[in-house]
Amino acid sequence: MVGISTVLVAAGGVALAEVVSPHPVTSPSFNGPIYAVAYRGGAVYVGGNFTSANDGGKNVARSRLAAFDAKTGALLPWAPNADANVRALAVDGGTVYAAGDFKTINGDTRDALAGIDATSGQATPMRHTVLGQPDAIVTGAGRLYLAGRITSVDGTPRSNLAAFSLATGALDTAWAPTADDTVNALAFSGDRVYVGGRFHKINGVSSTLRLSAVDPASGVPDKGFLPKPVSQVFALAADDSGVYAALGGLGGRAVAYTKAGATRWTRVFDGDAQAIAELDGTTYVGGHFDKACTTSNNGIKGVCTDGSVPRGKLAAVDNQGNLLDWSPQANGVAGTRALAVSPALDAVSAVGDFTVVGGLSRKRYAQFDGPSTLPEKDTVAGDYVASYNFDTTIADGTFDDGSGHGHLLRAVMRNGGKITLTPHATGQALTFPPKCTGAGCARLVLQAADTPDLNPGTKPLRYGANVLLAAAETSSGENVLQKGYSTKGGQYKLQVDGVSGKPSCGMSGANEKGLHLARSRQSIADGSWHSVECRRTGPTLAILVDGQVQANVAVPADLAVSSSLPFSVGGKGVGADNDQFHGSVDDIWIHIG
């Protein structure tokens, strides 16, 4: 089905709202949360707490900042290195501004705030010392505005708000409004900077509770703007008609205010609204809600009391406050953290902690385009059907599938087995329990649910991993990865045989009792990392170590693997005789076709 835009028409034929397709387009995925997103022409810039991006099944190092083509999803070479979280982004001309917890960009000191060349990725000369945690930035009126929990800039006192010259990068000493608590959000529109958060007063003015409009040059609050939000403001968007706010509290709310602060409309959800953006008369809302309430009433823990409809982490509202049918359905707990729009591209971007959107694998980033968008087929013949790099920043016992097919690995543990991640290259590797004998030994196996994607049938098959194994860690047999058994639909596996530490690749068909085994002549049990690959092409099964063919054996040309058993890493299971692996693994992958 072709993705279409939805247009609501009022009496007299006036179009009220156009909505982008609910089907996410092809885009990179990321191995950690994304907190910020911004458009610049045809490029999308993201910032967060990730260390790699997956582009077309290939993992590429990206340290908390990345950029990619908005139309094709192809990763761009822009790759500045931030040493800690990036919480906010803004774009002005040829510069991308970043704010967050970092202390350096590309190894150069940039304390919590930096200008970065939008093409080269090099930090601009702008350099400041910010005491506190920035949470939001926005550009306008020749300035970069900064907000968060901030007490000083370069030793000059600031009460959660500051501004800098876009021309020189210098602190604007004249712009110094004071907020008595955290400022979470900023938005700029012509003659105003909108400020939202959990504060009680701006410049001591009692009518500025949680949401205020201040002058872009002087910072003086507009006392005629009286919105009175009922709870903390997490995000803001603005246009000529007023301001849109995403609120937390009992459940969550999206509220549209006029320029005088009068409420135009309110939508209520069963969880916090954390992101908001407006495009072509439609307001897009993101958060960690699962449902939208059919009325403005909710009760304990935000539960909708008068009925609800599903809206997983994303929703859309027309300019009269009507909830639209747009419902991409994202997953996760934190859900959507930020939204950005591009009027030129007719596109909406969502970022956060989700990993699935609309039934498709979309790890932490999703883009929704206009009427030209086609829904993506989620399985592609002849590609990487699973990929795991263990570079997660969330230690919850699961590991995302970087191929985009959604085959999540889950840890199964027994007798004190546990997840242990160790540094490797630019990321992390997974270390299994130490060598042990007896029924009480620690066990750790990772498993992905059975799926036809991982069964090659008679097609060409390649699979492998990077392996680290010491001589003292070898045993009679250790499984690196395995799918199936010969008696239950056939199998393919990678293992390390005996105390010699020589790896082997094994395959058997659905009705075969024996195992076709290609065993390496070279041991890998030397305490160094080695890449090991198994390759089945027609009637041949080969094993490669560090890119060199070590052995090959004949297999039946019609050998087929179609097993209903789960894919496992590190052992067959957690029983006493599980062929437990005792070293470390990284970059596990499977390619079919």
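It should be emphasised that the depicted structure is a prediction, and the values quoted were computed from it without experimental measurement. Any value given below was found using the heavy atoms of this structure, including those in side chains, with hydrogens, waters and symmetry copies removed.
- Side-chain atoms of D55 come within 3.5 Å of backbone atoms of L75 as a donor-acceptor pair (strictly under, hydrogens ignored).
- In this structure, K58 places its NZ atom where only 12 or fewer heavy-atom neighbours from other residues, nucleotides or ligands lie under 6.0 Å away.
- Although no hydrogens or angles enter the test, the distance criterion places no donor-acceptor pair under 3.5 Å between the side chain of E478 and the main chain of G571.
- Not counting sequence neighbours, the partners of F30 by the ring-ring contact (aromatic ring centres under 6.0 Å, His included) test are F50.
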Requested in this report: Decide yes or no on side-chain contact (heavy atoms from CB on, under 4.5 Å) for L494 and V532, but give the supporting numbers first.
Outcome: CA-CA 9 Å; L494 168 61; V532 184; 3.6 Å; yes
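- Checked options N389, V569, L409; the residue passing with F399 is L409 (criterion: side chain to side chain contact (heavy atoms under 4.5 Å, CB included)).
- Nearest heavy-atom pair across G514 and S508 is O-CB, 3.3 Å.
- Using a cut-off of 4.0 Å between Lys/Arg side-chain N and Asp/Glu carboxylate O, D353 and R337 are scored as salt-bridged.
- Annotation: the span from L544 atom CG to Q522 atom CD amounts to 11.0 Å, rounded to 0.5 Å.
- Between the side chain of S523 and the main chain of S500, a donor-acceptor pair closer than 3.5 Å is present.
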Report task. May I have the step-by-step check of side chain to side chain donor-acceptor pair (under 3.5 Å) for R64 and N85, ending in yes or no? Result -> CA-CA 7 Å; R64 302 176 182 88; N85 290 1; 4.7 Å; no
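- Counting only distance, with no hydrogens or angles, the side chain of N455 and the backbone of G457 share no donor-acceptor pair below 3.5 Å.
- Going from atom CD1 of I34 over to atom CG of L89 covers 10.0 Å, rounded to the nearest 0.5 Å.
- Listed for the K502 side chain is no donor-acceptor partner under 3.5 Å among the backbone atoms of I524.
- Between the side chain of D117 and the backbone N or O of Q122 there is no donor-acceptor pair closer than 3.5 Å.
- The distance from the CD atom of Q495 to the OG atom of S504 is 3.5 Å, given to the nearest 0.5 Å.
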Report task. Report the C-alpha separation of N106 and N81 in whole Å, then their side-chain angles, then the decisive distance to 0.1 Å, and conclude whether the side chain to side chain donor-acceptor pair (under 3.5 Å) test is met. Result -> CA-CA 5 Å; N106 300 330; N81 184 321; 6.0 Å; no
Report task. Could you please spell out the steps behind the side chain to side chain donor-acceptor pair (under 3.5 Å) verdict for T431 and S584? Result -> CA-CA 4 Å; T431 298; S584 299; 2.7 Å; yes
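- Pairing each heavy atom of P503 with each of V545, the nearest pair is CG-CG2, 4.1 Å.
- Ring geometry for W78 against Y45 counts as perpendicular: the plane angle is over 60°, on a 0 to 90° scale with 30° as the lower cut.
- Partner of Y463 under the ring pair (Phe, Tyr, Trp, His ring centres under 6.0 Å) criterion, chosen from W589, F567, Y492: Y492.
- Listed here is the closest heavy atom pair of S568 and Q447: CB-CG, 4.0 Å.
- Taking the side chain as every heavy atom from C-beta outward, V20 and V341 never approach each other to under 4.5 Å.
- One N or O on the side chain of N415 and one on the backbone of C441 form a donor-acceptor pair closer than 3.5 Å.
- With hydrogens and angles left out, the side-chain atoms of S29 and Y365 include no donor and acceptor closer than 3.5 Å.
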Query raised in the report: Between L430 and D586, is a side-chain contact (heavy atoms from CB on, under 4.5 Å) present by the stated rule, with each step listed?
Result: CA-CA 6 Å; L430 177 66; D586 200 0; over 6 Å; no
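- L541 approaches C505 most closely through the heavy-atom pair CD2-O, 3.5 Å.
- Shown here is K71, whose NZ atom has no more than 12 heavy atoms of other residues, nucleotides or ligands within 6.0 Å.
- For the atom pair T124 OG1 and I116 CD1, the distance stands at 8.0 Å (nearest 0.5 Å).
- Tested against T355, the residues N331, D401, D400 include a single side chain to side chain donor-acceptor pair (under 3.5 Å) partner, N331.
- Side-chain contact between V585 and V480 is present, with at least one heavy-atom pair separated by less than 4.5 Å.
- In this structure the side chain of N578 reaches within 4.5 angstrom of the side chain of V445, judged on heavy atoms.
- Rounding to the nearest 0.5 Å gives a distance of 9.5 Å between CD1 of I590 and OG of S387.
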Report task. Tell me, with the steps shown, if V351 and T336 meet side-chain contact (heavy atoms from CB on, under 4.5 Å). Result -> CA-CA 6 Å; V351 299; T336 301; over 6 Å; no
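- Here the CG atom belonging to L446 is positioned 11.0 Å from the CG atom belonging to L481, to the nearest 0.5 angstrom.
- Side chains of L469 and T474 form a contact here, defined as non-hydrogen atoms less than 4.5 Å apart.
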Requested in this report: Kindly indicate, with the supporting measurements, whether the criterion ring-ring contact (aromatic ring centres under 6.0 Å, His included) is fulfilled by H582 and F432.
Outcome: CA-CA 5 Å; H582 299 299; F432 287 85; 8.9 Å; no
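- A side-chain N or O of Q329 and one of S327 form a donor-acceptor pair less than 3.5 Å apart.
- Residues forming a ring-ring contact (aromatic ring centres under 6.0 Å, His included) with H424 (at least two apart in sequence, or on another chain): W529.
- Of all heavy-atom pairs spanning A411 and L444, the tightest one is CB-CD1, 4.1 Å.
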Requested in this report: Any chance you could lay out the side-chain contact (heavy atoms from CB on, under 4.5 Å) test for Q367 and Y39, step after step, and finish with the verdict?
Outcome: CA-CA 11 Å; Q367 178 173 298; Y39 283 93; 3.1 Å; yes
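- Using a 4.5 Å cut-off on side-chain heavy atoms (C-beta onward), H407 and L454 make contact.
- The backbone N or O of H530 sits nowhere less than 3.5 Å from a side-chain atom of D546 that would complete a donor-acceptor pair.
- A donor-acceptor distance shorter than 3.5 angstrom exists from the side chain of R362 to the backbone of V25, with no hydrogens or angles considered.
- Taking a cutoff of 4.0 Å between a charged side-chain nitrogen and a carboxylate oxygen, D450 and K483 qualify as a salt bridge.
- Inter-residue side-chain proximity for M507 and K493 is flagged as unmet; no heavy-atom pair is nearer than 4.5 Å.
- In this view, Y388 satisfies the ring-ring contact (aromatic ring centres under 6.0 Å, His included) rule with no residue, not counting sequence neighbours.
- Within the structure, the disulfide (SG to SG under 2.5 Å) test picks out no pair touching residues 557-591 (sequence neighbours left out).
- Residues that satisfy the ring-ring contact (aromatic ring centres under 6.0 Å, His included) test with W326, not counting sequence neighbours, are Y284, F368.
- Proximity of H516 to L559: side-chain heavy atoms (C-beta onward) are separated by under 4.5 Å at one or more points.
- Applying the salt bridge (Lys or Arg N to Asp or Glu O under 4.0 Å) test to every pair with at least one member in residues 95-115, sequence neighbours left out, gives these pairs: R87-D101, K103-D111.
- Between R521 and V549, the closest heavy-atom pair is NH2-O, 3.9 Å.
- P28 has its side chain out of reach of N54: every pair of non-hydrogen atoms, C-beta onward, lies at least 4.5 Å apart.
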